[in-house]
Participant: 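Pasting a structure here, questions to come.
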Number of protein chains: 2
Amino acid sequence: MSRIEKPADSEPARNPSRAGKPTLKTIAEMTGLAITTVSRALGNAPQISENTRRRVHEVAAEIGYLPDRAAQRLKTGRTNVISVLLDPHEEILGFGTSIMHGLARALQTTPYHLIVTPNFLDGSNVDAVNYIIRNGMADGLIFSRTEPFDPRVRLLLENGFPFVTHGRTEFSTPHAFVDYDNYAFAYEATKRLIVKGRRKVTIILPPKRLTFHQHMLHGFMTAVREAGIAYEIPDTLDLDSPADMIRDYVRRRSGEPDPPDGFACPGEVSALATITGMSDQGLTLGAEYDIVAKQTSLLLSQIQPKVETIYEDLKAAGEAMGQLLLQRIAGEPVEDLTILQSPQFGFPTP
Amino acid sequence: MSRIEKPADSEPARNPSRAGKPTLKTIAEMTGLAITTVSRALGNAPQISENTRRRVHEVAAEIGYLPDRAAQRLKTGRTNVISVLLDPHEEILGFGTSIMHGLARALQTTPYHLIVTPNFLDGSNVDAVNYIIRNGMADGLIFSRTEPFDPRVRLLLENGFPFVTHGRTEFSTPHAFVDYDNYAFAYEATKRLIVKGRRKVTIILPPKRLTFHQHMLHGFMTAVREAGIAYEIPDTLDLDSPADMIRDYVRRRSGEPDPPDGFACPGEVSALATITGMSDQGLTLGAEYDIVAKQTSLLLSQIQPKVETIYEDLKAAGEAMGQLLLQRIAGEPVEDLTILQSPQFGFPTP
DNA sequence: CGCCGCACGGAAAACGTTTTAAATTCTGTG
DNA sequence: CACAGAATTTAAAACGTTTTCCGTGCGGCG
């Protein structure tokens with residue numbers, strides 16, 4: 001029954017911004033326990049009796065206690081933060097936002113917060129990665145648009161920093177990733193064009209430096225060879241090209257001899273641009289030509305149902321990445337932490 | 001020349017995750033100064049001589065010192081965090097991402113980080129706001145899609161918590177906001193349709209509960225009344241309606257008697273949906289009907305240049321919101337912290 | 001010489017948590 | 001009834017800052 005010595009009760013007003021915010025000390029005083037015990041009880045440590053554990057939890061819930069993240073972070077060195085590297089190319093069509101919603105859902109029941117680190121520089125955002133590793137700004141990293149030997153991945157691997165990419169690499173050291181099976185997409189899309197009776201197919205590929213350029217090319221070429229059909233691949237264009245450039249290219253090409261009449265479009269914008277370019281030439285979708293597009297939002301199918309689409313569920317990808325990252329942070333072996341999303345041929349479930 | 005008493009040098013290995021990270025102590029030892037002095041020198045406190053101030057800065061730069069955010073936050077109660085409330089409706093067309101890029105640019109040279117708090121619930125995200133206020137998760141808040149008496153705004157005002165909205169409210173207490181002049185947009189768009197010789201105009205408005213519904217309606221009606229032209233306003237539809245619903249509505253309506261032939265579309269998706277619906281009826285843009293649309297990305301003008309557009313620069317809005325929020329956090333009076341972006345009639349500068 | 005004021009710098013406490021090491025109580029046994 | 005050992009609980013130190021309150025040293029003034 002030791003009484004507290006401090007005369008106290010002067011109440012030095014503390015930091016006004018968080019006045020009255022309950023802390024472990026508050027609970028300790030209310031229950032008559034020591035701060036240590038309260039901390040342990042809340043952490044469900046084994047050496048606390050079931051009785052006090054329950055009592056502490058009750059009081060904590062009652063006064064709405066929430067641990068101070070700053071103090072936890074300072075003490076433990078863990079930030080409880082997941083950082084997303086946002087690429088300028090993801091601005092269009094909610095790519096970034098879909099992934100983030102998925103991520104946020106995965107982190108919803110965890111103590112993790114999502115912070116976004118945008119990339120302002122031109123090149124890859126390896127500087128941002130370096131900054132985050134060096135200064136312990138996060139416990140894990142998420143990013144997309146990987147290159148075969150992505151310098152960000154190299155850096156993270158070297159430092160043993162947890163991360164999950166959207167897209168694969170070709171490093172011999174494995175790492176966690178979620179990727180869409182773009183081989184299957186391109187193969188399937190091309191085959192569908194062929195089945196529709198198209199004479200000559202084409203595809204707008206992602207920039208050459210990105211890993212999935214190869215995957216798509218491979219899927220496309222496999223379908224082409226199997227069918228022995230004519231094809232062409234524009235080499236002045238890629239998926240990052242501005243829509244008007246794609247539109248103009250399509251328009252010009254379709255006025256020249258022997259134009260393609262089957263388009264595999266791995267992006268909604270490129271599909272829309274193609275439609276416009278073709279209709280500028282008086283050609284109509286479904287009649288003179290066909291498009292099979294990758295769809296990442298509801299936009300395309302709702303606006304232009306005559307475009308056939310194959311869905312990529314980015315929100316699901318985000319959620320998966322979040323889960324993998326949590327496992328990765330928990331130290332699970334990397335081998336099991338890879339997911340290849342299959343193209344979904346049905347309609348997405350919203 | 002007091003020597004340190006501690007036998008020390010046992011080096012208890014510390015937290016492995018941040019081993020070797022330089023702290024104030026590191027600099028103190030290197031310069032022979034006290035931790036206090038180093039802290040002051042880096043904070044450019046007045047009572048430090050120019051000489052030591054410079055020396056400390058040099059050493060800090062040399063070893064790449066960065067203050068520990070957790071410790072700062074714990075000590076000062078400031079989080080150095082700005083939180084963005086992300087609404088599910090912003091998923092499409094990079095709304096969220098544009099705003100965030102703008103914000104990030106505004107915060108680039110400050111100690112502030114951007115964290116995104118997505119809204120999972122159906123209603124407004126007032127719970128998230130409450131959580132953030134109660135637990136001091138951020139120093140300031142950014143969100144959009146305000147209602148005239150937005151409960152989030154009310155809550156924040158009551159608590160004196162710094163925030164900037166995208167969109168106005170009708171509270172008598174003023175607050176910081178950035179808004180687009182949607183009155184001017186609707187007025188101008190409608191007038192352009194009239195100038196083109198359209199007989200009957202229509203507009204797809206945002207949901208009634210949002211403040212800018214009224215603004216747009218007002219602009220539209222003003223132009224209509226000035227010209228004494230026929231008009232109609234669909235009441236089963238709003239800007240949040242799925243694109244296929246808009247498309248189907250437009251298609252059906254244009255098959256009925258006395259259809260509108262001038263469309264003001266305050267969203268790119270609704271413009272695309274309108275085009276599709278009309279062309280399903282064999283009607284062509286620029287001939288039988290016209291559209292003036294609000295454009296928030298390069299998408300529309302690049303894909304379909306025949307749509308006339310009025311630009312809203314969301315990235316600039318984000319940047320402005322960031323700046324306002326910083327000023328608001330610094331305690332500047334709210335009266336000066338309101339910005340009304342004028343519609344830009346030229347082409348956006350990327 | 002004594003004292004004040006000033007410029008500069010430092011010691012120590014605090015923020016709220018986790019963790020280490022130790023103290024206290026409880027149990028059963030000899 | 002004492003005591004080993006388990007079962008609980010606790011005190012205190014740390015994490016890296018900021019901040020409050022003091023100590024120097026020094027020049028000048030009476």
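Within every chain, numbering begins at 1; the chains are lettered A, B, ... in the order of the sequence lines, protein sequences first and strands thereafter. Side-chain atoms are counted along with the backbone in the values below, which use heavy atoms only and exclude waters and symmetry mates.
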Participant: Whole Å only: how far is the CG atom of Leu24(B) from the C1' atom of dC15(C)?
Facilitator: 15 Å

Participant: Do you know the tightest heavy-atom contact between Ala28(B) and Ala34(B)?
Facilitator: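 Smallest interatomic distance, heavy atoms only, reads CB-C, 4.0 Å.
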
Participant: Can you tell me how far P of dT19(C) sits from CG of Leu74(A), to the nearest Å?
Facilitator: 13 Å

Participant: From the options dT20(D), dA11(D), dG16(D), select the nucleotide whose nearest atom is closest to the side chain of Thr36(B).
Facilitator: dT20(D)

Participant: Taking the side chain of Ala34(B) as heavy atoms from C-beta outward, which of dA11(C), dT17(C), dG16(D) is closest to it?
Facilitator: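 Selected nucleotide: dA11(C).
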
Participant: Provide, to the nearest angstrom, the distance between the CD atom belonging to Gln47(A) and the P atom belonging to dT10(D).
Facilitator: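 Value for this atom pair: 12 Å.
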
Participant: Measure CD1/Ile35(B) against C1'/dA11(C) and give the value in whole Å, please.
Facilitator: 10 Å

Participant: For Phe163(A) and Phe143(A), take the angle between the two ring planes, folded into 0 to 90°, and tell me which bin it lands in: parallel under 30, tilted 30 to 60, perpendicular over 60.
Facilitator: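 Because their plane-to-plane angle is under 30°, the rings of Phe163(A) and Phe143(A) count as parallel.
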
Participant: Between dT18(C), dA11(D), dT20(D), which nucleotide gets closest to the side-chain atoms of Arg40(B)?
Facilitator: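 For the Arg40(B) side chain, the nearest candidate turns out to be dT20(D).
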
Participant: State whether Gln72(A) places a side-chain N or O below 4.0 Å from either non-bridging phosphate oxygen (OP1 or OP2) of dT18(C).
Facilitator: yes

Participant: Does the side chain of Thr165(A) come under 3.5 Å of the side chain of Thr146(A) through a donor N or O and an acceptor N or O?
Facilitator: no

Participant: Taking atom types as modelled and ignoring hydrogens, do the side chains of His175(A) and Thr169(A) form a donor-acceptor contact shorter than 3.5 angstrom?
Facilitator: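 Side-chain D/A pair, His175(A) to Thr169(A): present.
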
Participant: Starting at CG of Asn44(B) and ending at P of dT19(D), how long is that distance when rounded to a whole Å?
Facilitator: 14 Å

Participant: Ser49(B) has a side chain; which of dC8(C), dT17(D), dT9(D) sits nearest to it?
Facilitator: dC8(C)

Participant: Given dT10(D), is OP1 or OP2 found less than 4.0 Å from the side-chain N or O atoms of Thr37(A)?
Facilitator: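 Yes, Thr37(A) has a side-chain N/O under 4.0 Å of OP1/OP2 on dT10(D).
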
Participant: Of the options dT10(D), dT8(D), dT17(C), whose atoms approach the side-chain atoms of Leu33(A) most closely?
Facilitator: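 Side chain of Leu33(A) sits closest to dT10(D).
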
Participant: Can you figure out which of dG16(D), dG10(C), dT17(C) approaches the side chain of Asp68(A) most closely?
Facilitator: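 Closest of the options to the side chain of Asp68(A): dT17(C).
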
Participant: What is the distance, to the nearest angstrom, from the CD atom on Glu50(B) to the C1' atom on dA7(C)?
Facilitator: 14 Å

Participant: Which nucleotide in the list dT17(C), dG10(C), dA11(D) gets nearest to the side chain of Lys75(A)?
Facilitator: dT17(C)

Participant: Of the candidate nucleotides dT10(D), dT18(C), dT18(D), which contains the atom at the shortest distance from the side chain of Ser39(A)?
Facilitator: dT18(C)

Participant: Roughly how many Å is it from CZ in Arg73(A) to P in dG16(C), rounded to a whole number?
Facilitator: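 The distance from CZ of Arg73(A) to P of dG16(C) comes to 17 Å, rounded to the nearest Å.
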
Participant: Given Arg168(B) and Asp179(B), is the salt bridge (charged side-chain N to carboxylate O under 4.0 Å, His left out) satisfied, shown in steps?
Facilitator: CA-CA 7 Å; Arg168(B) 281 163 281 179; Asp179(B) 201 2; 2.9 Å; yes

Participant: Between dC15(C) atom P and Asn80(B) atom CG, what is the distance in whole Å?
Facilitator: 20 Å

